[in-house]
There are 2 protein chains.
Amino acid sequence: MPEASTAKGRATRARIVEGAAEVLREQGVAFTTLDDIRDRTRTSKSQLFHYFPGGKDELLLAVAEFEAGRVLEDQQPHLDCLDSWESWYRWRDAVVERYELQNDQCPLGSLFLQVGRSEPGARAIVAELMRQWQERIADGIRTLRARELIPASVDVDRSAAALLAGVQGGVSIMMSTGSSAHLKAALDTGIEQLRSAKAVAERS
Amino acid sequence: MPEASTAKGRATRARIVEGAAEVLREQGVAFTTLDDIRDRTRTSKSQLFHYFPGGKDELLLAVAEFEAGRVLEDQQPHLDCLDSWESWYRWRDAVVERYELQNDQCPLGSLFLQVGRSEPGARAIVAELMRQWQERIADGIRTLRARELIPASVDVDRSAAALLAGVQGGVSIMMSTGSSAHLKAALDTGIEQLRSAKAVAERS
DNA sequence: CCAGGACTGGACTTGCCGGTCCACTTTCAT
DNA sequence: ATGAAAGTGGACCGGCAAGTCCAGTCCTGG
């Protein structure tokens, strides 16, 4: 993978990835051709193959990486300070809003399915995103525990895993139904479970 | 959509759908051609188009319907009697086992992404499956409430929605990571939340 | 037994789309 | 300034897979 060595080249490469991401979100991987991407990014076939010698697969992989980065970036500010119940609800709102905006397109999900089997790289990208995301949530839960908002008995990693699963499921259900009800339900019950953990612990 | 009018015809149609489902699970929609399906089902192009005049899309839709049916069928016995904590854990085990077996293939997910945008029918199938599935879970929760294992204050529909979201997310994460940890975490914390609801209610 | 429709086989067409090629222009180091 | 390397444009190729066609064969009812 020959990295572009001039400023112009790097700009073109970036333009391709971002433009491709747009088109892919709009049309879905299955219905997007290199020509669509070429049109959108005002480039030519040779440029596409110049920057991505591995062809479409390599380009899709780059887009997947790009999109994966954005997922966390968008939540960064909220994920960074999950230290009070209010902050957890702010995060909740941010997640819901983010996915409501890009109504029924989960760029990563579809990208993964397209490249998935052939490229182990795609799996790695998604797996790594999940790992980081979950770690951030776990950090937030640990903060709560440090502040004694929840008891020490809470299984941090399992709670984080469950919460993440709820978000993923909420999003994927939203894609077929168009409604964010499940996403909200998952987030709300997940947070409430944490909040109620103290009560449960104290009673026993 | 001319339904086959002879026994032989119906058998062939069924063979096509079931065989196509197999191939699709094995290779993924993106990498499956009509010829693959033709080979597997020992049929010919003309038969494929005879039974599915709408071409590949129509066939994929039929497969989606078939797969959707199986999802609920497989859980039917457990979903039907969610009346004790033990039964909930049996259901949990059944779900985990089911998805661990078909390791990294969510037939519906990928089918949806392929046909999705073009055919509103695909959305409808998935949405309907979700609706029914959630309703079954909600029924189970209502049973618990009727037996006073959980307090009346529990929001049945929201809890069911959250649980379903957790399952969906757990499955989709499993597809990229290969691990069922998230699915288990989501199911376990979901059920535990129900169990602890009584404690929380009594304390307040 | 014999029409007529249901069903089957597979060769053929068609168009799309990933990928290649090469001629050309721009950039930049010396 | 100049030539090599980087970057760009777009015509072209070739294969693949969806979809068509028609010539059959097999049921079924009368």
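Values in this document were obtained by computation on a predicted structure and should not be read as measured data. Computed from heavy atoms alone, side chains included, the values below leave out hydrogens, waters and symmetry copies. Per chain, numbering begins at 1; letters A, B, ... match sequence-line order.
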Return the value, rounded to whole Å, for the distance between atom NZ of A/K8 and atom P of D/dA5.
19 Å

Does B/Q47 make a side-chain N or O approach to OP1 or OP2 of C/dC7 shorter than 4.0 Å?
no

In whole angstrom, give the distance that lies between atom CZ of B/R10 and atom P of D/dC26.
20 Å

Given the structure, check if the side chain of A/K45 and the base of C/dG19 hold any donor-acceptor pair shorter than 3.5 Å.
yes

Should we count CD of A/E148 as having more than 12 external heavy atoms under 6.0 Å?
no

Any idea which of C/dT8, D/dG9, C/dG18 is nearest the A/F49 side chain?
C/dG18

Would you call B/R142-B/D139 a salt bridge at under 4.0 Å N-O?
yes

Using atom NE2 of B/H50 as one end and atom C1' of D/dC21 as the other, report the distance to the nearest whole Å.
15 Å

Does B/E18 pair with B/R40 as a salt bridge, N-O distance under 4.0 Å?
no

Atom-to-atom span, CG of B/L60 to P of D/dG19 - whole angstrom
10 Å

Expressed in angstrom and rounded to an integer, what is the separation of B/L48 atom CG from C/dG10 atom P?
14 Å

Considering residues, nucleotides and ligands other than B/R98, do more than 12 of their heavy atoms fall under 6.0 Å from its CZ?
yes

Quick one: is A/Y51 getting a side-chain N or O under 4.0 Å of the D/dT8 phosphate, OP1 or OP2?
yes

In whole angstroms, the gap separating P of C/dG19 from CG of A/L59 amounts to 10 Å

Whole-Å distance between D/dG9 P and A/R42 CZ?
10 Å

Residue B/T33, side-chain atoms from C-beta onward, closest of C/dG18, D/dA17, D/dT8:
D/dA17

Rounded to whole Å, CG of A/L34 lies from C1' of D/dG10 at a distance of 15 Å

With the threshold set at 4.0 Å, does a side-chain nitrogen-carboxylate oxygen contact exist between B/R38 and B/D35?
yes

Look at the side-chain N and O atoms of B/T12 and state whether any lies under 4.0 Å from the OP1 or OP2 oxygen of C/dT8.
yes

On the nucleotide C/dG18, are OP1 or OP2 found under 4.0 Å from the side-chain N or O atoms that A/K56 carries?
yes

